[in-house]
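See structure below.
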Amino acid sequence: MTVPQKITIAIDRGGTFSDVAYSVGDKEEVFKLLSVDPLNYKDANIEGIRRVLEKVHGVKIPRDTPLDTSSISCIRLGTTVATNALLERKGAPCALITTKGFKDLLHIGDQSRPELFALNIVKPGVLFQEVVEVDERVTMPAFLADPTGYDAQDLVDGDRYVYGETKEVFEILQPLDTVQLEKDLIKLKDKNIDSLAIVFIHGFNFQRHEKQAGEIAKKLGFKNISLSHEVLPVLKAVTRGQSTVVDAYLTPILREYVDNFLSGLAPDFEKHTRIEFMQSDGGLCSWRKFTGLKSLLSGPAGGVVGEALTCYDDKVKIPIIGCDVGGTSSDCSRFAGEYEFSFESITAGIKIAAPQLDINTVAAGGGSILSYQNGVFKVGPESAGAHPGPACYRKGGPLTVTDANVFVGRILPEYFPKIFGPTEDQPLDYGITKEKFEALARIINLDTPDHPKTAEEIALGFLTVANYQMARPIRDLTESKGHDVRKHALAAFGGAGGQLATSIAKILKIKKVIIHRYSSILSSYGISVADLVDEQQEPVSLVYSLKSRDTLLEECQRLIKKSQKNLLDQGAKQETLKSLVYFNMGYKGSDTRIMISKPEDLDFLGVFYGAHEREFAFNDDQKDVLVTDIRVRTIGNASEAVRPTSPYEAYEACTKNIIDPSISDKRVPVYFDQGYLETAVFFLKKLPVGSIVKGPAIILDDTQTLVITPDSSATVLPSHVFIDVEVEAKSSVSVNYVDPVQLSIFANRFMSIADDMSRTLQKISVSANIKERMDYSCALFDNKGNLCANAPNVPVHLGSMSAAIKYQLDLWGENLKEGDILCTNSPSVGGTHLPDITIVSPVFHQGKIQFVVAARAHHSEIGGSAPGSSSSYAREIFEEGVNIESWKVVDNGKFDYEGLHNHFVEIPKTHGVSGTRNIEDNISDLKAQIASNQRGINLLKELFAEYGSDTVLFYMRNVKRTAELAVRDFLKQYSADNIHRLPLCAEDFMDDGTKVQVKIDISQDDGSAVIDFTGTSPESYSNLNAPRSITYSAVIYVLRCLVDMDIPLNQGCLDPVDIIIPENSLINPSAYAAVCAGNGMTSQRITDCLFKAFGITSATGGCMNGLNFGTGGENAKGEMVKGFGYTETIGQGNCAGIIEKDGERYGFDGFSGTQTNMTNTKITDPEVLELRYPCLLLQYCIRTDSGGKGKFNGGNGLIREVQFNSPVHLSLVTQRRVFSPWGVHGGEEGKKGENFLGRNRGNGKIQWIQLPSLAEIEMRTGDILKVATPGGGGFGKVTDTDEFWRLTKPSQRQSFVPISSGTLGNLQDAANASQ
């Protein structure tokens, strides 16, 4: 057969199926084949190409014959090979080569833990097998926070002081020791390691040492050398280092995969056929340029390109939300004319920094497991996967979303591939699905005998909960960027996208769903129409101005020439090339950066201000805006690409015709909200263009099922199906009984409001403490002050705000009116410590207070005797700054500026201390808290409008009941298993000898408990006192950890518990007591003491290891001197213990070098620390052998050693320096922490002086602070056996790890990581 036109082939190789799209001229065809079928073929890509050639040429081609590709112009491939290797940890053996003192940096990461309430901290392990520390070091002699603006340009001598790539000055403290490095690399070769990741501190900017190391490695014959400044030339050693290691780990695997593929083609294929791979950034590259880091989202990126090119119209300009629903995962993305990128993301559990399309894994897909717990329907996050898969797969699997779709009739087994059962030729098993749902119905109806549900109602209820769970992150993705989700169209694709698209759209109030005819294989189709792409990026550091803009644009021209040459070398045609220029911009002193595309008028600053205002709701034209990177993205093609037809143009052009359901191919009963409805089944191929199919209906084609719900209608277009969704303004829900489906939905809605408030506060706030350290919490309360929903930002805030709300409501009573907003921070009325200021807003509905919303945020400066309002030597509350019991900060809608000045400036002076040193930030952050509360009020009013106040209040009360049941069930089971130990007793000590003592008595009958702290020491003459509210936070945190299931954080957690706290004690001090360290230190001791009583774990390091340093403040004359301040908390060793869950019992070792219990702060990256502040980080590593030994070992602490380059005042707040973290059940103690001051005595001599737990120090130039943090205690005796502890499972519990977490992953990561 003669083929007049060349063939193009695109293949997306997934985990189960490979999708093939090919075209010959205008003719397009698609098909699927198994990705792994060793009995029939070795490689799915080669097999797919063979089948295409057979079909097009009409000849048989034997397998294992090298394929003649002379009739193929282009083969484009997407692959999950690298992603799977990362998920399964099956990459190439590699080594990390890094600066001396930082061998553990990538293990520690930012030291935060991924799950706030997990006792067993599980983080991804490092990818490298070996690490070599290299004797080399550079630093920056100038620092950004210097109020004088000194830039060190006068020091440059070309020898010790030199320029980096950004023209910033670097000091070479230690030249690269090339001799020792070569010896160390030879040892790695002897260990058969052939791939290296070379990552030096500041290596992205000062590149000389990395280049030298790379040359040595090349000379020694290493096959792959990944240099961090080449892989990703950006600031931050941790994310750049992770990215470089990922590249070194995956690139050899990818090269082997490509070589194996190419071996299936006939020799000289490159003479006539281009081989291109899809990259994570949505662009193609030649097979020679394809590397590990660029390949991670190869397949999903194809789907985003496909959705953008097939479902978006540049004339209509309706933005689209892409919803890719597969069997094991579901992803969402957004497109509004330009691809949206994530430059820092979490992929397969690893934090990396690289340009990737902003793809967010939001759920576990059709395999999400269904369960019923504490009266609530739960969907996922656990997945049944492909094996055993859903129950209907005939492999003994659990009930899943797919089973629910089968049971209610949305999936028709007779039209599903018959590939199940022992002989792999049977249909989906409807019978087992029906049996399991009926069994589950019997269990559920035992809880609600007066209002039993049918099995069908239960299955549909689970689908409703699943849809709400998927809708929530989609809303978060759009609204976190400042966009209204309702103004989008939903583009559904993936194998299961069409089954739930209309339901999700209805929840989001999206009126239009667009489904492409190839939606089930849109990734391969997207790959087929994608562009070649080349990206170039370089670090810069310039304050934006017209002059610097022009300089940077000149630099971009150089990058454009380089980028375009790369694409021309890959076969792109000159006329197809287009280069896009970006500046990465952000305010000086902030970590937040926005990538700004070059505008036509070249006003980068104006576009930055617009983007910043939209995303963060403020701008500051008094602050300098920095450009920190320039980026060029060039796109092109080897031929003029054929672009798909706009669905909107096709819709306008076609003649519409409503289809009579009676002419359907089949009619089946399908269960909807209205019950079983006769539903027409149509085959898409038989429906003419312009056909309007009104719901209920099912539309089938070869690869997908589209469910058209009763309130929707579908219009068939040449290449698409348009679905119009009727969006209801009000929902009707009964309040005569508790519906477990609605209970799940309302729990989600309440928590979503708290989360939305949190994002608003983070976006609008100005101070780094709130915007970047995320030190705040937002919550909803009922009109009595009981907690309804608390976004889990800060453990020490959990449950503690309720006391403050109750006090304010009692104090003001009927004197509160709509438009009033209150401010409080006093520990004596429900505060934690003075920097935590709480803004309280009553929510009025129909003239009454129905809810209260509140935002508590840590203000970095509120006056007091020391900068940062956290003096280690404070003895009375007034020394710690502003102290407000109650103040109406907004009265009838008017902000009280006069009261602000009085509270924040004048009153502290009456106590002989300074007022706030930064009132501008205080005002900005208070207004951000007010805006956050207003967001909560608006969302609650929307909820009232949608459901009615009676329904909202009814389910608010019952959501609290859900948490109460979970806690009672845990306490009942625990008391039954530990009756011989009751009452539980424990005591623990602060370093000054004060004691925390607790006795816990539990009733096995009703699961109630009395937690009695009688015996705790009296109030301390120190700042270690912890207000009563902190004890409540510790109790709710411990109970949530022990329950170990996803329950709402509300008053219900505490309802089963009676807490007794003695007056004027360490944990319930007088109104006069200093408390600033109680928030961070004593809270840890309370949690340790509670865990000790329960006996499930050993002690953690038990401290926040707080470090504050800075300059400035009021001088002796009372004048305010400009300066800076910095705060960090240093991680430690985690506890060891035993966990029982889902019938399994297993132990775990403590994680080393992490935040624990009541804190989860991120720590500043070493490069950022030295860029901003006058210090040199000498080492940051694991403190080896500091964890207690046992059957399960405690985690090791950390060593952090900082040298100061100029004088600063330093506050050190630590504990566990006198009393060791205890072991349990025969486990050994963890090592105590230690603090040392290294005084610079001149001539290179350092005198080491041991420091106490609390210290205020004037650090001089060259002085060193060394902090060695405690290890966790051991659990059980080293000689104990598994049988002794009745262990049933050796492995640690692994969490659901999203394949990709872009914007949403960063939001969640930030929300979990705060003090």
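Since the structure is predicted, the reported quantities are computational estimates derived from the model, not experimental observations.
For the pair M595/F341, no side-chain contact is recorded, criterion being any heavy-atom separation below 4.5 Å from C-beta on. Here the side chains of D358 and N360 are in contact, with some heavy-atom distance below 4.5 Å. Residues V169 and Y163 meet the side-chain proximity criterion, which asks for heavy atoms closer than 4.5 Å. L552 places none of its side-chain heavy atoms less than 4.5 Å from the side chain of V581. Between Y582 and D629 the shortest side-chain heavy-atom distance does not fall below 4.5 Å. For the pair V245/L106, a side-chain contact is recorded, criterion being any heavy-atom separation below 4.5 Å from C-beta on. Looking at heavy atoms from C-beta onward, V138 lies out of side-chain contact with R208 at the 4.5 angstrom threshold. Residues K623 and K588 fail the side-chain proximity criterion, which asks for heavy atoms closer than 4.5 Å.
Of the possible donor and acceptor atoms, one in the side chain of S545 sits under 3.5 Å from a partner among the backbone N and O of S548. Remark: the backbone N or O of E861 is paired with a side-chain donor or acceptor of N922 at under 3.5 angstrom. Although no hydrogens or angles enter the test, the distance criterion places a donor-acceptor pair under 3.5 Å between the side chain of R549 and the main chain of L602. Of the possible donor and acceptor atoms, one in the side chain of Q207 sits under 3.5 Å from a partner among the backbone N and O of F204. Put simply, the side chain of T760 never gets that close to the backbone of S932: no donor and acceptor are under 3.5 Å apart. In terms of modelled atom types and a separation under 3.5 Å, the side chain of D531 and the main chain of V533 share no donor-acceptor contact. With hydrogens and angles ignored, the 3.5 Å screen pairs no side-chain donor or acceptor of Q279 with any backbone N or O of K294. In terms of modelled atom types and a separation under 3.5 Å, the side chain of E168 and the main chain of M140 share no donor-acceptor contact. No donor-acceptor pair closer than 3.5 Å links the side chain of Y1173 to the backbone N or O of A145. Using a distance-only test at 3.5 Å, with no hydrogens or angles considered, a donor-acceptor pair links the side chain of T98 to the main chain of V199.
Here R137 pairs with E1170 in a salt bridge; the nearest charged N to carboxylate O distance falls below 4.0 Å. Under the 4.0 Å criterion applied to side-chain N and carboxylate O atoms, R558 and E555 are assigned as salt-bridge partners. Note on E136 versus K100: no salt bridge recorded, every NZ/NE/NH1/NH2 to OD/OE distance being 4.0 Å or above. A salt bridge is absent between R633 and E338: the closest approach of a Lys/Arg side-chain nitrogen to an acidic carboxylate oxygen does not fall below 4.0 angstrom.
For the atom pair CD1 of I352 and CG of L232, the computed distance is 9.0 Å after rounding to the nearest 0.5 Å. Separation of atoms OH (Y312) and NZ (K317) is listed at 4.5 Å; rounding is to 0.5 Å. The line from CD of Q242 to OG of S228 is 12.5 Å long, rounded to the nearest 0.5 Å. Here OG1 of T244 is found 13.5 Å from CD1 of I225. Values are rounded to the nearest 0.5 Å. From I201, atom CD1 reaches atom CG of D1165 across 7.0 Å, with rounding to the nearest 0.5 Å. With rounding to the nearest 0.5 angstrom, the CD1 atom of I1163 is 4.0 Å from the CD atom of Q111.
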Check against side-chain contact (heavy atoms from CB on, under 4.5 Å), F206 and T139
CA-CA 9 Å; F206 178 82; T139 192; over 6 Å; no
For side-chain contact (heavy atoms from CB on, under 4.5 Å), just list the numbers for T99 and H209, CA-CA rounded to whole Å, side-chain angles, deciding distance to a tenth of an Å, and then say yes or no.
CA-CA 10 Å; T99 305; H209 288 174; over 6 Å; no
Full working for side-chain contact (heavy atoms from CB on, under 4.5 Å) between C1175 and F1109
CA-CA 11 Å; C1175 57; F1109 64 79; 4.3 Å; yes
Could you walk me through whether T478 and K487 pass the side-chain contact (heavy atoms from CB on, under 4.5 Å) check?
CA-CA 10 Å; T478 51; K487 296 179 180 178; over 6 Å; no
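Of the N and O atoms on the side chains of H859 and Q929, at least one donor lies less than 3.5 Å from an acceptor on the other residue. Between the side chains of Y1126 and T1164, at least one donor N or O sits under 3.5 Å from an acceptor N or O. Using modelled atom types and a 3.5 Å distance limit, the side chains of S295 and S298 yield no donor-acceptor pair. In this model, no donor atom of one side chain and acceptor atom of the other lie less than 3.5 Å apart for E535 and S563. Residues Q212 and T178 have side chains that never bring a donor and an acceptor to within less than 3.5 angstrom of each other.
Residue T1161 is tested with D110, T1127, T1129, D775 for a side-chain hydrogen bond (donor to acceptor under 3.5 Å, both in side chains); the sole match is T1129. With E1167 as reference, R240 is the one residue of R240, K236, H202 to meet the side-chain hydrogen bond (donor to acceptor under 3.5 Å, both in side chains) rule. Checked against E538 for a side chain to side chain contact (heavy atoms under 4.5 Å, CB included), the options T166, V234, I630 give a single hit: I630. The one candidate from F1124, F1204, Y150 that meets the ring-ring contact (aromatic ring centres under 6.0 Å, His included) condition with F143 is F1124.
The shortest heavy-atom contact between L577 and G636 is CD2-CA, 4.0 Å. Between T1111 and P1207, the closest heavy-atom pair is CG2-O, 3.6 Å. Taking every heavy atom of both residues into account, L173 and R160 meet most closely at CD2-NH2, 3.6 Å. Closest approach of P1174 and S1206 over heavy atoms only: CB-OG, 3.2 Å. Contact record, A308 with Y339: CB-CE2, 3.7 Å, taken as the closest heavy-atom pair. Across all their heavy atoms, V162 and G158 have their closest contact at CG1-C, 3.7 Å.
Under the 30°/60° scheme for interplanar angles, the aromatic rings of F608 and Y587 are found to stand perpendicular.
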